[in-house]
Colleague: 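Let me give you the structure first, and then I'll get to my questions.
What you see below is based on every heavy atom in this structure, not just the backbone, and it leaves out hydrogens, waters and symmetry mates. Lettering follows sequence order; numbering is per chain, from 1.
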Amino acid sequence: MSARNGGDNDTGGPVARDELRQTPVAELTQAQAKTELRRLADELHRADRKYHGEDAPEIPDALYDKLKARNAAIEERFPDLKRPDSPSETVGAAPAETFAKVTHAQRMLSLANAFEAEDIRDFDTRIRRYLGLEAGAPLSYTSEPKIDGLSLSLRYEAGRLVQAATRGDGAVGENVTANARTIGDIPERLTGAPTVLEVRGEVYMRHADFEALNARQAEAGEKTFANPRNAAAGSLRQLDAGVTARRPLRFFAYGWGEVSAPLAETQMGALDRLQGLGFAINELTTLCDGPADMLAQYARIEQARAELGYDIDGVVYKVDDLALQQRLGYRSTTPRFAIAHKFPAELAWTRLEAIDIQVGRTGALSPVARLTPVTVGGVVVSNATLHNEDYIAGRDAQGNEIRGGKDIREGDWVQVYRAGDVIPKVADVDLSRRPEDADPYRFPETCPECGSAAIREEGDAVRRCIGGMICPAQAVEKLKHFVSRGAFDIEGLGEKQVAQFYRLGWLREPADIFTLQERDASHRKALVSPAERIARVEADARPEARLRLAEAAGLDAWDRAAVHARLEELSATPLAEIKGWGAKSAENLFAAIAARRRIALDRLLFALGIRHVGETASRLLARVYGTWEEFVAAMDDAAGCTGPAWDRLTGIDGVGAVMARSLVTAFAQAEERAGIERLVAQLEVEPVEAPPAQQDSPVAGKTVVFTGSLEKLTRAEAKARAEALGATVSGSVSAKTDLVVAGPGAGSKARKAADLGVETIDEDAWLDLIGGA
DNA sequence: GAGCCTCGAGTTCC
DNA sequence: CTCGAGGCTC
């Protein structure tokens, strides 16, 4: 147990023993319960307040946990007595359901990965080439262990910690300020820091602390964590900062975001500066003078790994010179000046019990390995992806043998690892342990969910079910996609609910969502009769199909008559009276659905789930066509895959022939089109304003060319923005070009611009010109 | 036509 | 997170 955690329950002293001699919860009277809840609330709140900044907490952690457990038990037995200030809710700060979102002043990027020595040498070569350095020129890098925790950005203004945010998707994270303040390694105040300073680093948990925490959790009857990283993540993301305060979290600083004044001229200098300000910097951080030195340092850190006392998953190298870092800049998701050299993934052998096929929303048949559960990298894995047909067969997309041509069979012993420490994959097969009766796996040529043909297009890696909305798996996945975050994002209608409603026959397609309330009011929710639902699953050879329907109907086992009766009953029962719903949640659901009848064009386009058309493409299309009517007309006009409408579509930067054909086909096919029309009939589609071409912008009427890589904008965005400001964007530089915006890596176009005497500026200058935002 | 970069789609476990 | 494939640049 760490020094920070007061002690074990048996060291709790008289108070603890007294607490434990309480009346069992089951025997409490109402009045006793009420009194005790008040006392527990007082005590726990006081403990939470006292905990911060004092060496010795008022009560030991084990007792704190017991009091909290008792409070929860009493609340469970007497829910009506639960206090408004219940300690089981958020302590201190105003109760919040989730963390507030925080937009990072500077994006928190991830790092490119390297696995081999070769990758590191390539990294060095690439950087030298990019910077135009000669082979022998000196170039140093910092190296430091890559801590296996979660990244955190700390914002200090005038030396005070004002905000702590998780990485999130890099652009927007979660505000965990109250929690970060409870971490001992994170200073509340800095002296001598720039006015604005964002410190970035990793929150982690030491092995010993992790084990002590798990022991405590187990004793308190709460869930234990699979590994220190999960424990650290789970602890930081507590809505109750009082809980975080009791978790032994630590913090290493490794970088920074926005700063009002430079920290130093080198990476190493900046880290020293951060250390001087009071941050912990990893003690294994060193300076390397080239790839050979970096690899030697990698070997040293790998050696030291087992003794460190905390998890690391590789080594990070960064160009030391900050001016060079700036010249190298960033790609869309990673800096060019840094790379993470990952340790080999942990491997584990286990038995492949079965190969199952899942059907996705596009009809893709994906094989999933069902494994005898095995621990890999601290997590128990029982499923793993097998990618596709070729991967199982031991062939690559060109039909060449891979992995020595070992085909994977049910019953085999397979080697599993977690790619990027997350996604379990099957890496290898032990042929010597293959059972004699193992047959080569035959990839199905019909859809296991609906029996339709599953066809593999020429040159495609995946086999797809052609059943469309006939296929229950595709229908459910389409519905899930429809309600997902970037699409309709209907509160109270998540994956579980749509799957359930589909099984009950209440929803067949997205349009049905908007008629649900009406059907609910008339006590006839089912669009598919119970008899039909039952016939459907009885036609399915797999017993789990029946079981799933029975479960959706709220039964434990398949019994045709009972299922039929339940389906009838549920269809006729208002949602508000169905178990697990209630008046308020039903009301909220219908309100949320109604609120989404008005939907922005880009969300609608994404929600349709047309192949190759994702979030980004939907946004582009919406900006170009503006309104639903305009968009549909364009799809119809382009149906022949030729003509001006087709040219306009494929002329959009980011839309090629494949996506265009996919779009046009979706609107031309009678059934798919009818489904779309049924949906849109329920909606009011908000136009997306292609910001009106401004006549007065500094670039209005000019011809602009973008070249090289842009860092703050995608090319498509840059083009759209420039056009919105009245500029014409061209692909090649000519005498007619007014302005060239050249990012790093610009080649022939920048040279041509120089030859022609065309004005050339960099991306930042461009953003200044058009007014930033 | 090759090579790079980004997007889309599919994946697991908590 | 990773793979595959689409789309763009050179």
Colleague: With sequence neighbours left out, what residues match A/Ser618 under side-chain contact (heavy atoms from CB on, under 4.5 Å)?
Modeller: A/Leu605, A/Phe606, A/Val613

Colleague: Quick check for you: among B/dC14, B/dA9, B/dT11, whose closest atom lies nearest to any side-chain atom of A/Asn230?
Modeller: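 Of the candidates, B/dC14 comes closest.
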
Colleague: Which residues satisfy the side-chain contact (heavy atoms from CB on, under 4.5 Å) test with A/Val658, sequence neighbours excluded?
Modeller: A/His612

Colleague: Quickly work out the A/Leu365 CG to B/dA9 P distance and round it to whole Å.
Modeller: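 After rounding, the gap between these two atoms is 17 Å.
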
Colleague: Can you name the residues that form a side-chain contact (heavy atoms from CB on, under 4.5 Å) with A/Arg464, not counting sequence neighbours?
Modeller: A/Thr362, A/Ala364, A/Asp460, A/Val462, A/Arg611

Colleague: Rounded to whole Å, please give me the gap between CG in A/Leu371 and C1' in B/dT11.
Modeller: 13 Å

Colleague: How many whole angstroms separate atom NE2 of A/His612 from atom P of C/dG6?
Modeller: 5 Å

Colleague: Any side-chain donor-acceptor pair under 3.5 Å between A/His207 and A/Tyr310?
Modeller: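 A/His207 vs A/Tyr310: no donor-acceptor pair found between side chains.
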
Colleague: Return the value, rounded to whole Å, for the distance between atom CD of A/Glu477 and atom P of B/dA9.
Modeller: 13 Å

Colleague: Please state how far atom CZ in A/Arg463 lies from atom C1' in B/dA9, giving the value in whole angstrom units.
Modeller: 19 Å

Colleague: So what does A/Arg611 hit on the nucleic acid, given a heavy-atom distance under 4.0 Å: a base, only sugar-phosphate, or nothing?
Modeller: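 If one applies the 4.0 Å heavy-atom cut-off, A/Arg611 turns out to touch the sugar-phosphate alone, with no base involved.
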
Colleague: Grab the CD-P distance between A/Glu615 and B/dG8 for me, whole Å please.
Modeller: 8 Å

Colleague: Given B/dT12, B/dG10, B/dG8, identify the nucleotide with an atom nearest to the side chain of A/Ala617.
Modeller: B/dG8

Colleague: Taking only distance into account, with no hydrogens and no angle test, what donor-acceptor pairs under 3.5 Å do side-chain atoms of residues 373-385 of chain A form with protein atoms, sequence neighbours excluded?
Modeller:
{"from": "A/Asn383", "atom 1": "OD1", "to": "A/Arg370", "atom 2": "NH1", "distance (Å)": "2.7"}
{"from": "A/Thr385", "atom 1": "OG1", "to": "A/His387", "atom 2": "N", "distance (Å)": "3.0"}

Colleague: Going by side-chain contact (heavy atoms from CB on, under 4.5 Å), name the residues that satisfy it together with A/Glu118, two or more places apart in sequence or in a different chain.
Modeller: A/Glu116, A/Arg121, A/Asp122

Colleague: Would one find a side-chain N or O of A/Ser382 under 4.0 angstrom from OP1 or OP2 of B/dC13?
Modeller: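 Indeed, a polar side-chain atom of A/Ser382 lies that close.
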
Colleague: Please classify the nucleic acid contact of A/Ala226 as base, sugar-phosphate, or nothing, using heavy-atom distances under 4.0 Å.
Modeller: nothing

Colleague: How would you label the contact of A/Ala233 with the nucleic acid (heavy atoms, under 4.0 Å): base, sugar-phosphate, or nothing?
Modeller: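 No contact.
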
Colleague: Verify the contact: side-chain N or O of A/Thr362 to OP1 or OP2 of B/dG10, cut-off strictly under 4.0 Å; return yes or no.
Modeller: yes

Colleague: Base, sugar-phosphate, or nothing for A/Val381, non-hydrogen atoms under 4.0 angstrom?
Modeller: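 The answer is sugar-phosphate, as A/Val381 gets under 4.0 Å only of primed atoms, P, OP1 or OP2.
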
Colleague: Where do N or O atoms of nucleotides 1-3 of chain C meet protein N or O atoms at under 3.5 Å, pair by pair?
Modeller:
{"from": "C/dT2", "atom 1": "O3'", "to": "A/Lys425", "atom 2": "NZ", "distance (Å)": "3.3"}

Colleague: Can you tell me which nucleotide in B/dC7, C/dG6, B/dG10 comes closest to the side chain of A/Thr616?
Modeller: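 Nearest nucleotide to the side chain: B/dC7.
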
Colleague: Round to a whole Å and report the spacing from CD1 of A/Ile357 to P of B/dG10.
Modeller: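 Roughly 14 Å, once rounded to whole Å.
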
Colleague: Starting from C1' on C/dG4, measure out to CE on A/Met659 and report it in whole angstrom.
Modeller: 15 Å

